[in-house]
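Scroll down for the structure; my scribbles are underneath it.
No experiment lies behind these values; they were computed from the predicted model shown. So you know, we letter chains A, B, ... as the sequences are listed, proteins then strands, and number each from 1.
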2 protein chains.
Amino acid sequence: MSTSSESALSVFGAGDINNAAYVRSIIRQGRWTSHTSGLASEHVQGNVVILPADEANDFLRYCQRNPKPCPLLAVSEPGHAGLPTLGADLDIRTDLPRYRVWRHGEVVDEPADISALWRKDLVTFVIGCSFSFEEALMQAGLPLRHIEQQRNVAMYRSNIATEPAGAFHGPMVVSMRPFKASDAIRAIQITSRFPDVHGAPVHMGDPAQIGIADLARPDYGDAVEVLPDEIPVFWACGVTPQAAIAQARPEFCITHAPGAMLITDLLNHQLAAF
Amino acid sequence: MSTSSESALSVFGAGDINNAAYVRSIIRQGRWTSHTSGLASEHVQGNVVILPADEANDFLRYCQRNPKPCPLLAVSEPGHAGLPTLGADLDIRTDLPRYRVWRHGEVVDEPADISALWRKDLVTFVIGCSFSFEEALMQAGLPLRHIEQQRNVAMYRSNIATEPAGAFHGPMVVSMRPFKASDAIRAIQITSRFPDVHGAPVHMGDPAQIGIADLARPDYGDAVEVLPDEIPVFWACGVTPQAAIAQARPEFCITHAPGAMLITDLLNHQLAAF
């Protein structure tokens with residue numbers, strides 16, 4: 001999911017790739033329609049779910065009941081395209097590089113702008129993303145194999161059921177990162193400080209205990225090797241709400257396209273609880 | 001290591017077994033010469049090491065370099081029997097239920113009072129003890145098997161070397177508690193809040209990675225079962241400094257007798273870092 005620095009250079013030019021508002025302005029102009037990994041990397045990026053008001057009420061309760069996979073960073077006013085706590089200029093209709101439009105649980109389009117689809121009853125949810133805690137883990141010197149190997153993180157449908165709300169239900173999706181024991185202990189400490197971006201792991205060790213039959217066959221993302229002296233550590237994952245939406249099959253829904261996240265003005269370290 | 005409540009009742013009578021100063025006064029009178037587990041259980045208990053000034057200087061550097069096994073709660077002025085930060089009335093010569101007197105690395109006596117042995121060059125070290133974090137773990141609802149089974153915690157000499165200072169050196173001794181994965185994650189969070197009483201674990205999972213050949217054969221304490229769905233979690237242990245003293249063989253040294261700790265006025269929750 002790493003951004004090609006060559007193509008980023010040609011798009012962003014001499015501008016500051018670490019400035020969230022600048023990067024968002026380039027995206028708003030339709031000049032960047034790809035992954036956001038590596039862009040404004042000190043800034044919080046978010047998963048996005050946009051639903052009509054009726055389903056939005058159910059989905060808000062779903063997130064409240066499942067804070068580890070669905071930590072809410074912001075919820076918009078119905079029909080408002082702004083999210084002022086995440087960026088003064090932010091317009092959710094234009095500020096994602098690419099969107100997925102869902103109808104009855106199926107992806108029907110992947111546009112780079114949803115202005116033409118906007119409705120007065122739409123509510124936007126921004127959900128924390130593991131990019132934030134991964135930055136903290138890397139700053140602490142912990143190796144992240146999927147990043148070293150330029151792969152997506154490995155994700156699995158677990159047998160941990162989420163708490164349903166309305167039509168939204170389904171298994172918790174988890175991401176897995178392998179660590180040596182002492183690094184796993186440190187990773188638990190560090191991610192515990194970031195409850196708004198999934199927080200502490202939900203499991204570690206034997207994958208079968210949470211219904212994962214084979215680590216080499218992830219349900220999403222790419223497999224990464226777990227060495228004999230390593231412990232697989234599992235975090236609740238922001239793909240969980242997308243899986244719940246696919247099961248709930250709402251009449252209409254818009255999400256970010258995989259890897260094309262919302263870049264906010266918040267700094268990752270601002271999310272630290274202590 | 002649990003205190004017989006019947007014998008405690010006969011000694012402490014109607015007095016408050018949870019009042020540290022009262023319990024210490026009974027000990028000072030020589031009326032309680034046994035284990036302190038379960039006495040004033042909300043209060044911090046400490047491992048005690050008393051050394052002549054020359055060795056004390058080396059030992060202070062040893063503790064500074066090895067804060068996980070040797071977290072210092074207090075160090076006395078040379079020759080002073082008081083430890084005012086741990087209790088206004090505290091007198092280290094009388095306030096432990098039982099002492100061990102060491103000469104050249106061998107235990108030569110186990111008195112209940114060391115007033116006759118006191119010297120003007122003696123320095124007292126009080127080192128944090130896992131009783132404090134065990135209280136926090138139990139308050140969080142985490143099961144501690146050795147306590148459920150009324151055994152001592154299992155302790156092992158690891159292959160993790162401590163940082164030497166002067167004559168003091170040796171392996172880190174670790175205590176092991178088995179937990180299910182989700183409880184192990186919670187235990188890491190909770191003990192991370194208590195760096196003055198060993199803090200976060202130093203290892204978990206495969207015992208062989210830290211040089212432990214057989215969990216069923218601890219070097220100190222009692223073996224406890226690790227169930228198939230559990231992870232053994234290892235903390236640095238306050239027996240480490242006693243092992244270093246046995247190796248350094250100082251001319252003279254006094255410690256607490258096993259399980260007969262110093263009861264302080266500090267409350268366990270006061271040690272929480274956050």
Side-chain angles (χ1 to χ4, degrees), chain A residues 66-69 133 136-137 140 142 156 158-162 172 174-195 198-212 215 226-237 271-274, chain B residues 66-69 133 136-137 140 142 156 158-162 172 174-195 198-212 215 226-237 271-274:
Chain A
N66 297 285
K68 292 205 87 162
F133 77 62
L137 294 174
L142 301 188
Y156 307 86
S158 75
N159 66 5
I160 304 168
T162 60
M172 186 188 294
V174 296
S175 60
M176 187 281 290
R177 295 164 187 81
F179 291 105
K180 292 189 199 305
S182 56
D183 287 346
I185 292 166
R186 190 79 186 118
I188 290 169
Q189 292 180 313
I190 290 167
T191 56
S192 293
R193 297 174 58 224
F194 292 94
H198 306 307
V202 294
H203 183 62
M204 59 184 171
D206 183 5
Q209 287 182 12
I210 57 168
I212 299 171
L215 285 183
V226 180
L227 300 177
D229 65 346
E230 291 179 332
I231 297 171
V233 184
F234 299 88
W235 278 266
C237 176
L271 295 187
F274 55 87
Chain B
N66 297 285
K68 292 206 88 163
F133 77 62
L137 294 174
L142 301 189
Y156 307 86
S158 75
N159 66 4
I160 304 168
T162 60
M172 186 188 293
V174 296
S175 60
M176 187 281 290
R177 294 163 188 81
F179 291 104
K180 292 189 199 304
S182 57
D183 287 346
I185 292 166
R186 191 79 186 119
I188 291 168
Q189 292 180 313
I190 290 167
T191 56
S192 293
R193 297 175 58 225
F194 292 94
H198 305 307
V202 294
H203 183 62
M204 59 184 172
D206 183 5
Q209 288 182 12
I210 57 168
I212 298 171
L215 285 183
V226 180
L227 300 177
D229 64 347
E230 291 180 331
I231 297 171
V233 184
F234 299 88
W235 278 266
C237 176
L271 295 187
F274 55 88

**Prompt:** Which bit of B:D206 is near chain A, if near means a heavy-atom gap under 4.5 Å: side chain, backbone, both or neither?
**Reply:** neither
**Item:** Pairwise distance CE(B:M204) to CD1(A:I185) - rounded to 0.5 angstrom
**Value:** 5.0 Å
**Prompt:** So what's closer than 4.5 Å to chain A heavy atoms on B:A184: side chain, backbone, both or neither?
**Reply:** both
**Prompt:** When only heavy atoms count and the cut-off is under 4.5 Å, which of residues 188-195 of chain B reach chain A?
**Reply:** B:I188, B:Q189, B:S192
**Asked** Which residue out of B:A208, B:S182, B:P201 racks up the most heavy-atom pairs below 4.5 Å with chain A?
**Response** B:P201
**Message:** Just to verify, what does A:K68 make a salt bridge (Lys or Arg N to Asp or Glu O under 4.0 Å) with, not counting sequence neighbours?
**Reply:** none
